[in-house]
Asker: 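Following this message is one structure expressed as structure tokens.
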4 protein chains.
Amino acid sequence: MTENAETPQAGPERGRHDKLGRQRALMDWAKVVFSERGYDTATTREIAQRAGCSEGLIHRYFGGKPGLLAAVLQQRELSRTVDLTAGMPRQATVEEELVRFMEWEIEKSWDDRATMRVTVSRAVIDPIIGDRAREFFQATRVDFLRERLAWHQGEGRIRKGLDMGVVAAAISGFAFNSGFFAQVAFQEPQELVKSEARTIAAVLARGLAP
Amino acid sequence: MTENAETPQAGPERGRHDKLGRQRALMDWAKVVFSERGYDTATTREIAQRAGCSEGLIHRYFGGKPGLLAAVLQQRELSRTVDLTAGMPRQATVEEELVRFMEWEIEKSWDDRATMRVTVSRAVIDPIIGDRAREFFQATRVDFLRERLAWHQGEGRIRKGLDMGVVAAAISGFAFNSGFFAQVAFQEPQELVKSEARTIAAVLARGLAP
Amino acid sequence: MTENAETPQAGPERGRHDKLGRQRALMDWAKVVFSERGYDTATTREIAQRAGCSEGLIHRYFGGKPGLLAAVLQQRELSRTVDLTAGMPRQATVEEELVRFMEWEIEKSWDDRATMRVTVSRAVIDPIIGDRAREFFQATRVDFLRERLAWHQGEGRIRKGLDMGVVAAAISGFAFNSGFFAQVAFQEPQELVKSEARTIAAVLARGLAP
Amino acid sequence: MTENAETPQAGPERGRHDKLGRQRALMDWAKVVFSERGYDTATTREIAQRAGCSEGLIHRYFGGKPGLLAAVLQQRELSRTVDLTAGMPRQATVEEELVRFMEWEIEKSWDDRATMRVTVSRAVIDPIIGDRAREFFQATRVDFLRERLAWHQGEGRIRKGLDMGVVAAAISGFAFNSGFFAQVAFQEPQELVKSEARTIAAVLARGLAP
DNA sequence: CATGAATGAGTATTCATTCAT
DNA sequence: GATGAATGAATACTCATTCAT
């Protein structure tokens, strides 16, 4: 739940050969600077300075400022998907399944709120980032949740006739809204957000039951 | 459902003295341009050109680009709560109530997509705008919905013991997500979004029932 | 025969509104700076500074550095063509016609050697400028000379059966070589160049005679 | 007539120690890249990449980009006068002599167009290179042609009283113009250029005859 | 010796803002 | 009051060169 991005590792010593270390430092600080200033207002110069290396590297390694944002976004979602699919065991009840899913989203959203702010702010405007963001934010999560719900449906805990794809999409959207909008953008306290999520999970579970 | 903001009135004839007409044209086109390009990427030149007047006026009237954004953001707050309370009669069932509420949100979000893009894109980054946006996007709607749900609860159509404030907040968040994110930002077709909303409304209504 | 481009008029007073004056100053100083440093090495900053106005104007008025070069080139050739066709009366003999033509080319090349240096240096490499330069350098002059020679041929001073188009092209090329290459690039003294031209004109006239 | 410079030998295998091979590869590709892009626009990176070795070597071997250009420019001076005098037997008529000379120039210019582009593009701007270029392009050829013409004059095929030095200089200039400018810079088809040259050779021969 | 990672000075271009007309 | 010409500060990106490996 801590914001690990606020104080990235210092980059490699000046002049030393360390491509990987510099790429990492650049991406880490990009997250910070982008989130402090917004994508447009952030300057490649500041990112490079704080990462402790030369501006040109941003262009050499990532193909410029837009490439850097894309790289940050990608890296973030890669690690998150792994985390989602690996880290969450199946739950015994639908309600518990939904609660876990929402809590996970809420916590993860908080962890990298910095990156999410920039990404969303940009996605709303730039269709390229928008598409990418949708894929990242939604697709993997909806797939995951649909599979879980379908399994519960198969086990007879959800009534037949409901399309789990649609339900999963809707619930995933709700979770995203809680995690990002309510919590990050509108700054509601996490406990409140989570409690709302639990309430709604209960209602939904009851509504889904046979 | 038509986008009234995409083609604002052309401003007053060039060179004519018409302060009010020019201010309106400038603000109308600012919404469009800000929403098309984002605040930073938008240029005062383009706004002025499309509004049919000179760049200098943006500074004279609004104190520059930030002032213009502020004016746009502020103006919007006036007009919306009205139609919400006025235009929507109480419904006989909870499901119908939720369906209406969500559809209204989805349609309004579409009509207003230009302004919403600007606002959200900024709100996500700038906490001050974020606060204002929350109040506007959420508070009024949550109040409205809570009152409605409480009424249904009083009528015995929703089981006791549930906090309608929490439920209303959650549902309102979901509606916002459908209307703005799914539909506007991620460009899903309105019919799909609405159909998802109806499905989830049914599930929720069932979950709320005594 | 003086190089008028070396000390252009000072541009308009700073801040004054004078679009035309600034365009002129910019073009005048572009000639100088381009010729002093070469196209690539010249900087828009220096051009603007010496012209006494802001860098942005180069982009607003001419569409950037390449546009500025093109503008300079065009203006120069425009005035030259007028000069050529207006200023040269028909001569009584073929030899005199050729001598006059060559001397004109040699003198004009010297007058704006600065611009020619840049243009040629660039034309050799950049096909766009190359094509344009060929048109300017050759087409108008070849047309002019062909017409003159055809007239002499009609008068019986040149033998039938020779294609005046081919002859004109060749002679024009030779003149260009004398005026620019020998004189400007290779720095041979003008008198020597002219005397060579006169000699060859005599030989050619004799060779063309019936 | 084939362009041997356009596809130089690939350099030595990567990482192998082969100083001489690398120097040659670097110079060969420098000619090509300089001529394709011009000196300033060419990048050491591209040259090194195409030569198949690392950028650093350009600095180690040649002392940087300017040094590489100097090396290219210098190397060329060695090889050309030889084939001129060796390869061309005396002709029986003046016209044939001129035709041969011009055709030789046109063909050589084409073969060497890469180097010529670089050289001319620089010579036009840089007086030092200009001087060297004149010596090379002109002096040797003028000497050669003067000797030939003087011989024809001695044989009574050219009228007395004409200064063969002046005539040779003029004709050599004309040949240079055809070979380089018309053909290489302005991209006229070689056959057209040659045919023009033949026409003018006939006219000149006739003009020179006693 | 050869590599390629790293540098930083330098450039064209953009744009909000000012101000002469 | 309205215009649009002019400004200059700011920015992403390039590239010759250096130097750790």
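Just so we're on the same page: letters track the sequence lines, and every chain starts at 1.
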Asker: Rounding to an integer number of Å, can you tell me how far C:Leu20 CG sits from F:dG4 P?
Answerer: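 Atom CG in C:Leu20 sits about 17 Å away from atom P in F:dG4.
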Asker: Run D:Glu46 and D:Trp29 through side-chain contact (heavy atoms from CB on, under 4.5 Å) and show every step you take.
Answerer: CA-CA 9 Å; D:Glu46 183 179 355; D:Trp29 283 106; over 6 Å; no
Asker: When you measure from the centre of the six-membered ring of A:Tyr39, is the NZ or CZ of A:Lys65 closer than 6.0 Å and no more than 45° off the axis?
Answerer: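 Yes - A:Lys65 lies over the ring of A:Tyr39, closer than 6.0 Å to its centre and within 45° of its axis.
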Asker: Are B:Thr44 and E:dA16 close enough that a side-chain N or O sits under 4.0 Å from OP1 or OP2?
Answerer: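 For B:Thr44, the contact criterion (side-chain N or O under 4.0 Å from OP1 or OP2 of E:dA16) is met.
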Asker: Could you give the CG-to-P distance, from A:Asp40 to F:dA10, as a whole number of Å?
Answerer: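 Distance check: A:Asp40 CG to F:dA10 P gives 17 Å.
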Asker: If you assign D:Gly63 and A:Arg16 each to the DNA chain F nucleotide with the nearest heavy atom, which residue ends up on the more 5' nucleotide?
Answerer: D:Gly63
Asker: Compare side-chain N and O positions of A:Thr43 against OP1 and OP2 of F:dT11 and report whether any pair is under 4.0 Å apart.
Answerer: no
Asker: Between E:dA2 atom P and D:Phe62 atom CZ, what is the distance in whole Å?
Answerer: 12 Å
Asker: Please figure out whether A:Leu57 or B:Arg60 has its closest DNA chain E nucleotide nearer the 5' end.
Answerer: A:Leu57
Asker: Start at the 5' end of DNA chain E and walk down; is the nucleotide closest to B:Gly56 or to A:Arg22 reached first?
Answerer: A:Arg22
Asker: Quick one: pull up CZ in C:Arg37 and CD1 in C:Ile47 and give me the separation to the nearest 0.5 Å.
Answerer: 10.0 Å
Asker: Establish whether the base of F:dC15 is bridged to the side chain of D:Glu55 by a donor-acceptor pair shorter than 3.5 Å.
Answerer: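 No pair found.
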Asker: Could you check C:Leu20 against C:Asp18 for side-chain contact (heavy atoms from CB on, under 4.5 Å), going step by step and ending with a plain yes or no?
Answerer: CA-CA 6 Å; C:Leu20 219 75; C:Asp18 182 357; 4.2 Å; yes
Asker: Within less than 4.0 Å of OP1 or OP2 of F:dA2, is there a side-chain N or O belonging to B:Tyr61?
Answerer: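 It does, given that an N or O in the side chain of B:Tyr61 lies less than 4.0 Å from OP1 or OP2 of F:dA2.
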Asker: Taking any strand in view, what nucleotide pairs with F:dC13 in a Watson-Crick or G-U wobble way, both distances under 3.5 Å?
Answerer: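 Partner of F:dC13: E:dG10.
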Asker: First locate atom CG of C:Leu68, then atom CD1 of C:Ile58, and finally report the distance between them rounded to the nearest 0.5 Å.
Answerer: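 Taking CG in C:Leu68 and CD1 in C:Ile58, the distance rounds to 5.5 Å.
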Asker: Rounded to the nearest Å, what distance is computed from the NE2 atom of residue C:His59 to the C1' atom of nucleotide F:dA5?
Answerer: 17 Å
Asker: Starting from P on F:dC19, measure out to CD1 on D:Ile58 and report it in whole angstrom.
Answerer: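 Taking CD1 of D:Ile58 and P of F:dC19, I get 18 Å after rounding.
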Asker: How many whole angstroms separate atom CD of D:Glu46 from atom P of F:dT17?
Answerer: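 One finds 16 Å between P of F:dT17 and CD of D:Glu46, rounded.
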Asker: Quick check: on DNA chain F, is the nucleotide nearest A:Pro66 upstream (toward 5') of the one nearest A:His17, or the reverse? Name the residue that is more 5'.
Answerer: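 In this pair, the answer is A:Pro66.
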Asker: May I have the distance from A:Lys19 (atom NZ) to E:dA5 (atom C1'), rounded to whole angstrom?
Answerer: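 Rounded to the whole Å, the gap is 8 Å.
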Asker: Please work out if C:Ala48 contacts a base, only the sugar-phosphate, or nothing of the nucleic acid, heavy-atom cut-off 4.0 Å.
Answerer: nothing
Asker: Which whole-number value in Å describes the distance from B:Tyr39 OH to E:dC15 C1'?
Answerer: 12 Å
Asker: So, is C:Arg45 near the phosphate of E:dT11, with a side-chain N or O under 4.0 Å from OP1 or OP2?
Answerer: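 No, C:Arg45 has no side-chain N/O under 4.0 Å of OP1/OP2 on E:dT11.
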